[in-house]
S.K.: 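This structure is in structure tokens; I'll ask about it shortly.
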Amino acid sequence: MATRRSGPIEGLAAGLLALLALASVSLFVGVADLTPGRLLDPATREAALVALLESRLPRTAALMLAGSCLAIAGVIMQMLTRNRFVEPTTAGTTEAAGLGMLVMLLFFPGSPVVVKSLVSAGFACAGTALFLRLLRAVPPGSPLLVPLTGIMFGGIIGSLTAYIAHHHGLIQSLGAWRNGDFSVVIAGRYELLWLTLALSILAYLAADRFTIAGLGRDMSRNLGLDHGRTLAVGLVIVSLISALVVTTVGSIPFLGLVVPNLVSLAMGDNLRRSLPWMAICGAGLVLACDIAGRIIVAPYEIPAGTVFGVLGSLVFLYLLLGRPSRAA
Amino acid sequence: MIEIEGLTKAYDGHVVVDGVSLTIPRGGLTGIIGPNGAGKSTLLGLIARLLAADRGTVAVDGLNVATTPGEELSRRLSVLKQDNSIAARLTVRDLVAFGRYPHSRGRLGEADQAMIGRALSYLGLEPIADRFLDELSGGQRQRAYVAMVLAQDTDYMLFDEPLASLDIRHAVSMMHLLRDASRRFGKAVVVVLHDIDIAGNFSDRIIGMKDGRVVCHGSAGEVMTGANLTAIYDIPISAHRLDGQFVTTYALPEGAAGA
């Protein structure tokens, strides 16, 4: 709430500029020959413009949207569970969203994507609520047990999903949900992801509530905050974000864990101050991973989710082992 | 005024607070003493609506805490629990600023900033105001929590063993501060205390508890007698006056250093 650094606005502006620079790079990297020069040259302009509007712009937007909202979903879950290692892929949220998608594919394959996403969000919500319920059995003071429980819980849902998918020849769809791949993003197939922007803004408006929830149930009640309602609002936001990302581009494991932890190290957990940075860093990191994935094996591509998976698990290990855990 | 009527709370059939009826007036410092398991913390939690009572009512200035909206209560009554393992990485100033949340709902005005500044300086936290809580010692953190409650600026402030992580110097200065707050700003401060001498010397009133019941309740002078304390703690304790202070002594086994 109180500002302490001089010029937080200037800092944010610098961060946004860096992000825009990265986004411009993303616009002009890839197989199709798209350069600022070709955009300006009348002879090639038309083809270049199509590539820009149909493929590169949607892809870049999707990367930034997914990166920022996953980071935000991660930090909300960390505040609500008061555990640094909880995020949608370590709490069963993502897996439950996948199960929801599978159910829709099997029983209502013709329904609009919005409906599929909403049902998937419902599954994500139920899965996460069940996880929170399981957490009551985890002894306090053992912060690592919480994500381990969540990963196992997600594993069970994931196996069930895989079993059903295998029976119906839908295994390939599963892979798409689990590993964020932005090469499939073209205009007309990702627009639902813009809803996450609204959810991120909603999260920002409720930032103080989530920070207070992070102080614990008793402290929340002391400050007159309805802890249960904050928990419910957070749960819905996180579930919707997870489901929207899973159904459009596929999840990016550990992103919601790595970004909040790094940002928190630098500037703490007052979400009013740190949430914009979570969004910028999440977007930037995913952009960078996608660009790297396009360059490393050009003209082929490594999915951004895979690139981040390598990077993210290393940072995750560092966070687990490299510094004393404050999560309790 | 806090009015407590027939308050009862049981865990798994084990009664922890047993039909307590009390009145705690506005203003002054009230100490709650008693052995482990006497129900002191539970009583405090019930008054502060952190726990739901099985039977009985608590009313703060006539408002039933079980039915009054939390937002309204949070401007009248604040509570600091003993165990505040905050995982969130906040600066001292941020934490204290959140004490204003019941009033500001996140939009800090000038009056809020003034109150935050006052609370920080009152607890001598200015030099470390921009440090993160997880970088501080236990005692510094404890002072930050107390500053947050002071910034909340409620007429009733409840503290559950606020001295637990403080050395004698900081413990005494904390008690001075709490008593000063109760006197100067007319707050009712209720403190669960383990140190009987400190309770005797700083409290305007003392509530003695045992087995979930109030065994004695009165001014410090009335409660701080050998007979009362012996009854509360189940060991022979005698109370003395030394240079105007309460000093309690307890029976030592034969051959012990002081015997």
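Per chain, numbering begins at 1; letters A, B, ... match sequence-line order.
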S.K.: With a 4.5 angstrom heavy-atom cut-off, which part of A:Leu271 approaches chain B: side chain, backbone, both or neither?
M.R.: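 Neither part; nothing is under 4.5 Å.
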S.K.: Please assess B:Ser78 against A:Asn222 for the test side-chain contact (heavy atoms from CB on, under 4.5 Å), listing each intermediate value before the final yes or no.
M.R.: CA-CA 6 Å; B:Ser78 54; A:Asn222 171 48; 3.4 Å; yes
S.K.: Under a 4.5 Å heavy-atom cut-off, does chain A meet the side chain of B:Leu73, its backbone, both or neither?
M.R.: neither
S.K.: Looking at A:Gln78, A:Arg209, A:Met79, which has the largest count of heavy-atom pairs under 4.5 Å with chain B?
M.R.: A:Arg209
S.K.: Looking at A:Ala207, A:Ser274, A:Gly224, which makes the most heavy-atom pairs under 4.5 Å with chain B?
M.R.: A:Gly224
S.K.: Return the OG to CG distance between A:Ser220 and B:Leu50, rounded to the nearest 0.5 Å.
M.R.: 10.5 Å
S.K.: Which answer fits B:Arg49, side chain, backbone, both or neither, if we ask what part of it has an atom under 4.5 Å from a heavy atom of chain A?
M.R.: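 Its backbone and side chain both get close to chain A.
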S.K.: Can you tell me if CD on B:Glu5 sees more than 12 non-hydrogen neighbours from other groups inside 6.0 Å?
M.R.: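 Atom CD in B:Glu5 is not crowded, with 12 or fewer foreign heavy atoms closer than 6.0 Å.
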S.K.: To the nearest 0.5 Å, tell me how far B:Asp94 CG sits from A:Asn270 CG.
M.R.: 4.0 Å
S.K.: Once you round to the nearest 0.5 Å, how far does CG of B:Leu95 lie from OG1 of A:Thr211?
M.R.: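 So the CG of B:Leu95 and the OG1 of A:Thr211 are separated by 11.5 Å.
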S.K.: Which atoms of B:Leu133 come close to chain A, meaning under 4.5 Å heavy atom to heavy atom: side chain ones, backbone ones, both, or neither?
M.R.: neither
S.K.: Could you check whether B:Arg105 pairs with A:Asp208 (Lys NZ or Arg NE/NH1/NH2 to Asp/Glu carboxylate O, under 4.0 Å)?
M.R.: no
S.K.: Might you work through the side-chain contact (heavy atoms from CB on, under 4.5 Å) test for A:Met219 and B:Met148, ending with a clear yes or no?
M.R.: CA-CA 11 Å; A:Met219 207 68 111; B:Met148 172 186 170; 4.0 Å; yes
S.K.: Counting heavy-atom pairs under 4.5 Å to chain A, which of B:Gly70, B:Pro69, B:Ala88 comes out on top?
M.R.: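 Top option by heavy-atom pairs under 4.5 Å: B:Ala88.
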S.K.: Check the pair B:Glu71 / A:Leu225 against side-chain contact (heavy atoms from CB on, under 4.5 Å), numbers first and verdict last.
M.R.: CA-CA 7 Å; B:Glu71 204 184 317; A:Leu225 183 81; over 6 Å; no
S.K.: Can you check whether A:Leu265's main-chain N or O pairs, donor with acceptor, with B:Arg89's side chain at less than 3.5 Å?
M.R.: yes
S.K.: Taking the side chain as every heavy atom from C-beta outward, state whether B:Ser74 and A:Leu223 have any atom pair closer than 4.5 Å.
M.R.: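 With C-beta onward as the side chain, the pair stays apart.
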S.K.: Using 0.5 Å steps for rounding, measure from the OG1 atom of B:Thr91 to the CZ atom of A:Arg273.
M.R.: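 CZ of A:Arg273 is found 5.5 Å from OG1 of B:Thr91.
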S.K.: Would you say B:Arg75 has more than 12 foreign heavy atoms packed within less than 6.0 Å of its CZ?
M.R.: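 Above 12, so yes.
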S.K.: Let me confirm one number: the OH-CG distance from B:Tyr145 to A:Leu215, rounded to the nearest 0.5 Å.
M.R.: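 Output value for this atom pair is 8.5 Å.
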